[in-house]
Chemist: 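Sending over a structure as structure tokens; questions will come in a sec.
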Amino acid sequence: MANKSIDHAFTANDHKSAASDPTYAGALSFMRRRYTKDATGADAVVWGIPFDAATSNRPGARFGPQAIRRASAIFDNDPQYPFERDLFADMATIDYGDCLLDYGNHADTPATIEAEAAKLLESGAFLLTLGGDHFVTWPLLKAHAAKHGPLALVQFDAHQDTWFDDGRRIDHGSFVARAVRDGIIDPDRSIQIGIRTHAPEDFGIRLVYGHEVEDMRAGDLSSLIISHTGGMPAYLTFDIDCLDPAFAPGTGTPVAGGPSSAKMLSVLRGLHQLDIRGADVVEVAPAYDHADITAIAGATVAMYMLGLHAERLARQH
Ligand SMILES: [Mn+2]
């Protein structure tokens, strides 16, 4: 057993070192990144929001961050395809742990998430958030828009998330409506991929339905996303229920007829020209999962998001 170490999540001396924990052992952080509450000097921060009180059907996404971190151990000791690099060699990355929320006081939840996200963004790092149900994207968008201005939303989802919203409800199906009304996303530059349910409003957002995804090539979908956002700063949100329940059974509101994880990973891989300013993976609910299928898909989507940021940093150097 050459060059193995263990518990990189708390023994790492810096934020760029490669972990070499045995895959089946060691303290679990996202991809064994160092756990720290100090984001100073980090190029990328991974953060969990264990919240699922906005779920309309099956709850359980509060366990999403834990499940995704645990599944991310499968990447250990293998340089990650398709990025052909040790992702962290030139991208200092930490695991900031989770957001503390009061389960008995959801009225304060959005402001708590927003304030902590804003603090992390102040450090200059790229923020990758592990949900949590899709409500968490609302305060995350607010924090990102405060820094970058209005954003193009690139949303992978079976649902449009434009349901009724009075600005006070805590609903995982309405954050898009709220974001459009508050001007923090530009609907004309936003796009939703994998949609297979109907909501009352689309606000002019470009929809790519599940059956259209089925008919399109992955590269064409990537090109459509890039051209539709038109170079605007973008926020990438991946609701794991975008995938067919065959590839993501462990989620709150599954819908049949979705794409495979292979196809959507190919689409993500083609997004390196997108001006991504922030990203999240939401709605992984491990209680309904089998053999970590959904958690592995979520961890891989998250890893691809970090990979896109690593490529972006490499281009800037
Ligand atoms: Mn959603």
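First listed ligand is number 1; within each ligand, the first listed atom is number 1. From a predicted model like this one, the values you see are computed outputs, not experimental measurements.
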Chemist: Got an N, O or S from H159 under 2.8 Å of the Mn ion (ligand 1)?
Modeler: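 Checking the Mn ion (ligand 1) against H159, no N, O or S atom falls under 2.8 Å.
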
Chemist: May I ask you to check whether R269 and Y81 show a side-chain donor-acceptor distance below 3.5 Å?
Modeler: yes

Chemist: For N/O/S atoms only: which one belongs to H134 and is nearest the Mn ion (ligand 1)?
Modeler: ND1

Chemist: Is the closest side-chain heavy-atom distance between L151 and I184 below 4.5 Å?
Modeler: no

Chemist: Taking the N/O/S atoms of D239 one by one, which is nearest to the Mn ion (ligand 1)?
Modeler: OD2

Chemist: Is the shortest side-chain N to carboxylate O distance from D95 to R33 below 4.0 Å?
Modeler: no

Chemist: Residues two or more places apart in sequence or in another chain: which of them pass salt bridge (charged side-chain N to carboxylate O under 4.0 Å, His left out) with D275?
Modeler: R277, R312

Chemist: Using a cut-off of strictly less than 2.8 Å, determine whether D161 has an N/O/S atom near the Mn ion (ligand 1).
Modeler: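 So D161 counts as coordinating the Mn ion (ligand 1), yes.
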
Chemist: Which of these, D157, L141, T162, sits in a side-chain contact (heavy atoms from CB on, under 4.5 Å) with V176?
Modeler: T162

Chemist: Restricting to N, O or S atoms of D157, which is nearest to the Mn ion (ligand 1)?
Modeler: OD2

